[in-house]
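Whatever order the structure lists them in is the order used to number ligands and atoms, beginning at 1.
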Amino acid sequence: MPTFAPDILAAKVALVTGGGTGIGKEIARTFGRHGARLCIAARRQDVLEATKEEFEREGFECLAVPCDVRQPDQVERVLEETLARFGRLDILVNNAAGNFPAPMAGISYNGFKSIVDIDLLGTYNVSKAAFDAWLGEHGGNIVNISAPFEQMGAAYQAHVAAAKSGVNSLTRTCAVEWGPKGIRTNAVAPGAISDTEGLERFDAVDDASNLSAPLRRPGSKQEIADTVLFLVSDAASYVNGQVIYVDGGSGVDAMKLPPL
Ligand code: NAP
């Protein structure tokens with residue numbers, strides 16, 4: 001039995017960056033199952049096309065536009081194509097991100113810049129383009145996919161932690177500046193999520209972190225998608241500027257003790 005009514009996003013249009021794989025794909029699919037029409041955007045056209053075909057087989061309307069979120073001209077084209085196809089935009093999910101685990105001294109200058117460019121500047125680029133093209137005049141919802149690093153030091157994640165802290169800051173600024181325009185902006189910070197490329201890159205720490213998490217398991221992509229669905233739904237109509245940690249309580253576990 002689905003948690004949310006199947007038509008809560010009927011007639012809505014959602015753009016999900018990085019929507020061809022992993023968490024972004026599950027978010028897009030969940031939106032589709034609840035009535036939304038979809039645009040997914042990322043760099044690899046073959047991956048996007050395969051996901052689009054999968055979604056169409058599931059009965060969703062889906063546009064797939066190749067785009068590097070670091071390039072404003074490519075981002076603007078995504079907005080143009082979305083509006084040309086669907087005539088509106090209601091929801092933007094900034095999910096596209098890069099990651100590779102490495103100690104800070106082992107990250108190259110270019111590697112650090114690349115992650116900040118994709119995660120933070122990419123979020124800014126797509127948010128600004130969506131605001132200029134549609135949301136600024138009509139309102140809507142933005143959800144940024146972050147990570148639960150802001151309050152902690154995160155070994156092997158200096159680049160991602162810095163970028164996602166910036167994303168959280170941007171989330172709060174958008175909430176304040178764009179709230180009066182009818183735009184709610186929130187962020188979701190997933191903990192370790194199973195069956196994702198993100199987590200596979202962390203094989204070495206996977207078992208240990210899952211065992212020490214208060215719920216003693218990783219999260220699922222569906223649990224992230226359901227939180228995003230809640231945030232873009234009318235059930236969250238007064239939620240704005242929040243970073244929701246969906247990490248099974250790992251972020252509030254100061255002692256990290258084995259099961260009591
Ligand atoms: P993923 O499958 O690697 O998703 C990243 C997506 O972003 C891919 O579809 C990728 O497609 C796209 N992307 C990367 N660089 C891009 C660029 N320059 N322009 C446009 N698209 C780009 O990883 P995931 O684990 O599902 O991660 C999804 C989100 O969750 C990310 O924001 C990540 O930081 C966050 N997160 C994940 C976890 C986890 O446990 N998995 C935990 C915390 C936070 P292309 O390569 O085709 O461009």
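Heavy-atom separations between G98 and ligand 1 are all 4.0 Å or longer.
At a heavy-atom distance under 4.0 Å, no atom of E26 approaches ligand 1. Counting heavy atoms under 4.0 Å from ligand 1, residue T196 touches it through the side chain alone. Residue contacts with ligand 1 for P218 are absent, since no atom lies close enough (heavy atoms, distance under 4.0 Å). When heavy-atom distances to ligand 1 are checked against a 4.0 Å cut-off, K221 has no atom that comes that close, whether in backbone or side chain. Residue-level proximity to ligand 1 for C67 is carried by the backbone, the only part with a heavy atom below 4.0 angstrom. At a heavy-atom cutoff of 4.0 Å, ligand 1 is contacted by no atom of K25, backbone or side chain. When heavy-atom distances to ligand 1 are checked against a 4.0 Å cut-off, I118 comes that close only through its side chain, counted from C-beta outward.
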Start with the C-alpha gap between I142 and N94, add the side-chain angles, then the distance that decides, and say whether side-chain contact (heavy atoms from CB on, under 4.5 Å) holds. CA-CA 8 Å; I142 300 175; N94 285 303; 3.8 Å; yes
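Per-residue contacts place R201 under 4.0 angstrom from the following atoms of ligand 1 (heavy atoms of the residue considered): 3 (O). Near S146, the atoms of ligand 1 lying under 4.0 angstrom from a non-hydrogen atom of the residue are 35 (C), 44 (C). Here is the list of ligand 1 atoms found below 4.0 Å of a heavy atom in R70: 18 (N). Interface atoms of ligand 1 facing G22, defined by a heavy-atom separation under 4.0 Å, are 2 (O), 26 (O). With ligand atoms numbered from 1 in the order given, ligand 1 contributes 41 (N) to contacts under 4.0 Å with heavy atoms of L199.
With hydrogens and angles left out, the side-chain atoms of N144 and T171 include a donor and acceptor closer than 3.5 Å. Side chains of N99 and Q157: a donor-acceptor N/O pair is present below 3.5 angstrom, by distance only.
With atom 34 (O) of ligand 1 as the reference point, the heavy atom nearest to it among K164, E200, Q45 is part of K164. Of the listed residues (T21, V69, D68), the one carrying the non-hydrogen atom nearest atom 8 (C) of ligand 1 is T21.
For the pair N186 (side chain) and V239 (backbone), a donor-acceptor distance under 3.5 Å is present. For Q242 (side chain) and N240 (main-chain N/O), a donor-acceptor pair under 3.5 Å exists by modelled atom type.
Residues forming a ring pair (Phe, Tyr, Trp, His ring centres under 6.0 Å) with F4 (at least two apart in sequence, or on another chain): none.
With hydrogens left out, the protein atom closest to atom 45 (P) of ligand 1 is R44 NE, 3.5 Å, a heavy atom.
Between the CZ atom in R57 and the SG atom in C62 there is a gap of 12.0 Å [rounded to 0.5 Å].
Between K12 and F31, every side-chain heavy-atom pair lies at or beyond the 4.5 Å cut-off.
The salt bridge (charged side-chain N to carboxylate O under 4.0 Å, His left out) analysis of residues 135-156, with sequence neighbours excluded, yields the pairs E150-R172.
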